[in-house]
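Here is the structure we will look at, set down as structure tokens.
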There are 2 protein chains.
Amino acid sequence: MPSKSDPITMDAVYTAPGYLFRRMQQIAVAIFVEECKAYDLTPVQYASLVSIRTHPGIDATRLSAVIAFDRSTLGSVIERLEAKAYIERKPSPGDKRTKLLYLTKSGAALLRDIIPSVERAQARILQRLKPADRKTLLALLTQLVDLNNEASRVPLRAEDALEHLGRSG
Amino acid sequence: MPSKSDPITMDAVYTAPGYLFRRMQQIAVAIFVEECKAYDLTPVQYASLVSIRTHPGIDATRLSAVIAFDRSTLGSVIERLEAKAYIERKPSPGDKRTKLLYLTKSGAALLRDIIPSVERAQARILQRLKPADRKTLLALLTQLVDLNNEASRVPLRAEDALEHLGRSG
DNA sequence: TCCATATTGTAAGTATGCTGTCAATCGAGA
DNA sequence: TCTCGATTGACAGCATACTTACAATATGGA
């Protein structure tokens with residue numbers, strides 16, 4: 001623990017959790033893009049597609065809560081997925097404000113085909129660690145994300161996905 | 001390990017290393033910004049300032065290697081730091097292509113003042129873990145970033161910082 | 001019913017982070 | 001010395017990620 005009078009050096013930057021998480025995010029995205037380059041799909045777009053397949057007819061606001069992405073950002077993500085014809089937006093019968101999201105056949109096919117590449121990418125991220133260390137890191141990471149859920153600007157609300165099925169509560 | 005025929009569920013997304021690192025990056029940035037909001041400085045701008053203070057007269061390309069940020073992106077970061085008068089760009093006497101970067105008095109003062117907030121932010125990121133787990137996670141994270149250095153689009157090249165002092169060898 | 005409040009999608013503005021490309025410049029070898 | 005290839009900073013373009021704001025719409029309570 002550095003004292004107040006220590007000059008901050010590059011070493012303090014390199015060992016800061018925030019810096020390390022930034023680097024790992026860069027590395028994880030680079031590996032994902034490399035493994036999936038045949039499909040022209042980003043990690044965010046992939047997560048969105050999986051979520052829409054799991055929750056057909058979800059709206060954009062609920063989708064943002066389910067994958068913990070910013071609501072504003074998600075607008076353009078959805079636009080791009082629609083432009084590539086992987087999803088469809090249909091007006092909600094009950095609420096004129098919302099548009100409901102569905103996978104197209106093309107989107108479902110893409111999702112089926114890309115899975116091996118995505119799994120290869122996820123495996124590669126931790127590959128260079130010893131198997132026991134992989135398990136330890138993944139467990140601590142999962143725990144830390146969960147403990148800090150409320151600290152992020154867009155906390156994960158997985159249960160929100162159920163609401164579009166009709167509010168019985 | 002899911003088999004080829006398993007449907008991918010949200011759970012597979014939530015437990016993927018790439019997703020977890022993205023979440024932690026979001027969380028770490030949110031905590032940094034919150035702790036440092038009095039200073040109007042982003043994590044990237046902070047790392048740049050520290051690096052320029054450690055290596056006065058460094059050029060933009062070498063700076064990008066030292067903090068592993070993209071060279072194109074760094075251009076606008078430097079612009080913003082210069083607009084806020086935290087750094088100065090001076091033409092290099094030996095090389096008409098490069099501009100050398102220096103902290104201003106104002107930048108040095110800011111760096112001095114902001115350190116407690118930055119340290120508080122970094123501590124907060126891991127705070128909710130048990131002390132032993134913090135050490136374990138940090139060690140594994142450091143190891144993993146190092147092992148995957150070449151996988152990122154902009155590998156860290158800390159030793160590049162020395163080159164601007166004159167090539168003796 | 002009417003109205004204050006909330007929600008939804010969208011947009012504008014800022015900041016990373018990456019892909020390219022380009023002109024100016026540099027450096028090394030023929 | 002001349003020229004070719006590399007380097008440098010700048011720019012354009014795309015994709016996240018956040019902020020605020022806004023209009024349309026919904027909802028709950030007086």
Side-chain angles (χ1 to χ4, degrees), chain A residues 18-19 21-23 25-34 37 40-48 58-65 67-84 89 91-101 152-154 160 163-164 167, chain B residues 18-19 21-23 25-34 37 40-48 58-65 67-84 89 91-101 152-154 160 163-164 167:
Chain A
Y19 180 81
F21 284 126
R22 175 181 299 273
R23 288 285 292 140
Q25 219 268 320
Q26 289 177 331
I27 289 164
V29 170
I31 290 176
F32 184 102
V33 169
E34 191 182 319
K37 62 172 172 289
D40 186 33
L41 205 68
T42 68
V44 168
Q45 291 168 9
Y46 171 76
S48 301
I58 198 172
D59 62 275
T61 294
R62 244 156 289 288
L63 177 59
S64 89
I67 50 185
F69 292 162
D70 183 77
R71 204 164 59 99
S72 303
T73 307
L74 201 56
S76 52
V77 175
I78 288 172
E79 236 173 62
R80 282 184 282 275
L81 287 174
E82 199 181 18
K84 292 196 246 190
R89 265 192 286 200
S92 167
D95 190 331
K96 285 181 192 165
R97 293 170 305 176
T98 68
K99 298 175 183 175
L100 308 186
L101 305 172
S152 76
R153 282 334 197 140
V154 187
D160 272 23
E163 287 183 25
H164 75 287
R167 352 226 140 173
Chain B
Y19 180 81
F21 283 126
R22 175 181 301 272
R23 288 286 292 140
Q25 218 268 319
Q26 288 176 331
I27 289 164
V29 170
I31 291 175
F32 184 102
V33 168
E34 190 182 320
K37 60 173 173 289
D40 186 33
L41 206 68
T42 67
V44 167
Q45 291 168 10
Y46 170 77
S48 301
I58 197 172
D59 62 275
T61 294
R62 245 157 288 286
L63 178 59
S64 88
I67 51 185
F69 292 163
D70 183 76
R71 205 163 59 99
S72 302
T73 306
L74 200 55
S76 52
V77 175
I78 288 172
E79 237 171 62
R80 283 184 281 276
L81 287 174
E82 198 180 21
K84 292 196 245 190
R89 266 191 286 201
S92 167
D95 189 330
K96 284 178 192 166
R97 293 169 305 174
T98 68
K99 299 175 182 177
L100 308 186
L101 305 172
S152 76
R153 285 332 199 141
V154 187
D160 273 23
E163 289 183 23
H164 74 290
R167 348 229 143 168

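The analysis underlying the following values was restricted to heavy atoms, covering all of them including side chains, and did not include hydrogens, waters or symmetry mates. Proteins come first, then strands; the chains are lettered A, B, ... in the order of their sequence lines, and each starts at number 1.
Although no hydrogens or angles enter the test, the distance criterion places no donor-acceptor pair under 3.5 Å between the side chain of Tyr46(B) and the main chain of Phe32(B).
No hydrogens or angles considered: a donor-acceptor pair under 3.5 Å links the side chains of Gln26(A) and Arg23(A).
Taking every heavy atom of both residues into account, Ser64(A) and Val154(A) meet most closely at O-CG1, 3.9 Å. Taking every heavy atom of both residues into account, Pro93(B) and Leu100(B) meet most closely at CD-CD1, 4.2 Å. A pairwise comparison of heavy atoms in Leu63(A) and Ser48(A) identifies CD1-O, 4.3 Å as the closest pair.
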What pairs of nitrogen or oxygen atoms, one from the protein and one from nucleotides 5-7 of chain C, lie under 3.5 Å apart?
from: dT7(C); atom 1: O2; to: Arg97(A); atom 2: NH1; distance (Å): 2.4

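Rounded to whole angstrom, the span from the CD1 atom of Ile27(A) across to the P atom of dC18(C) amounts to 10 Å. Counting to the nearest Å, the C1' atom of dA15(C) and the CZ atom of Phe32(B) are 13 Å from each other. Lys96(A) has its NZ atom 15 Å from the C1' atom of dT27(D), to the nearest Å. Between Glu34(A) atom CD and dT19(C) atom C1' the separation is 15 Å, expressed in whole Å.
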query = How would nucleotides 16-23 of chain D be written as a contact map, 5' to 3', with B for base contact, S for sugar-phosphate-only contact and - for no contact, using protein heavy atoms under 4.0 Å?
reply = BBBBB---

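Ile78(A) is listed as a side-chain neighbour of Leu101(A), based on a closest heavy-atom distance under 4.5 Å. In this structure the side chain of Arg22(B) reaches within 4.5 angstrom of the side chain of Pro43(A), judged on heavy atoms. Counting heavy atoms from C-beta outward, Leu41(B) and Leu81(B) have side chains that approach closer than 4.5 Å.
Applying the salt bridge (charged side-chain N to carboxylate O under 4.0 Å, His left out) criterion to Lys84(A), with sequence neighbours excluded, gives Asp40(A).
For Asp59(B), the listed nucleotide lying nearest its side chain is dG9(D); candidates were dG9(D), dC26(C), dT25(D). Side chain of Thr98(B), nearest nucleotide from dA11(C), dT8(D), dA26(D): dT8(D).
Contact annotation: Lys99(A) side-chain N/O to dT10(C) OP1/OP2 distance is under 4.0 Å.
Residue whose closest nucleotide on DNA chain C sits further toward the 5' end, between Asp40(B) and Ala60(A): Ala60(A).
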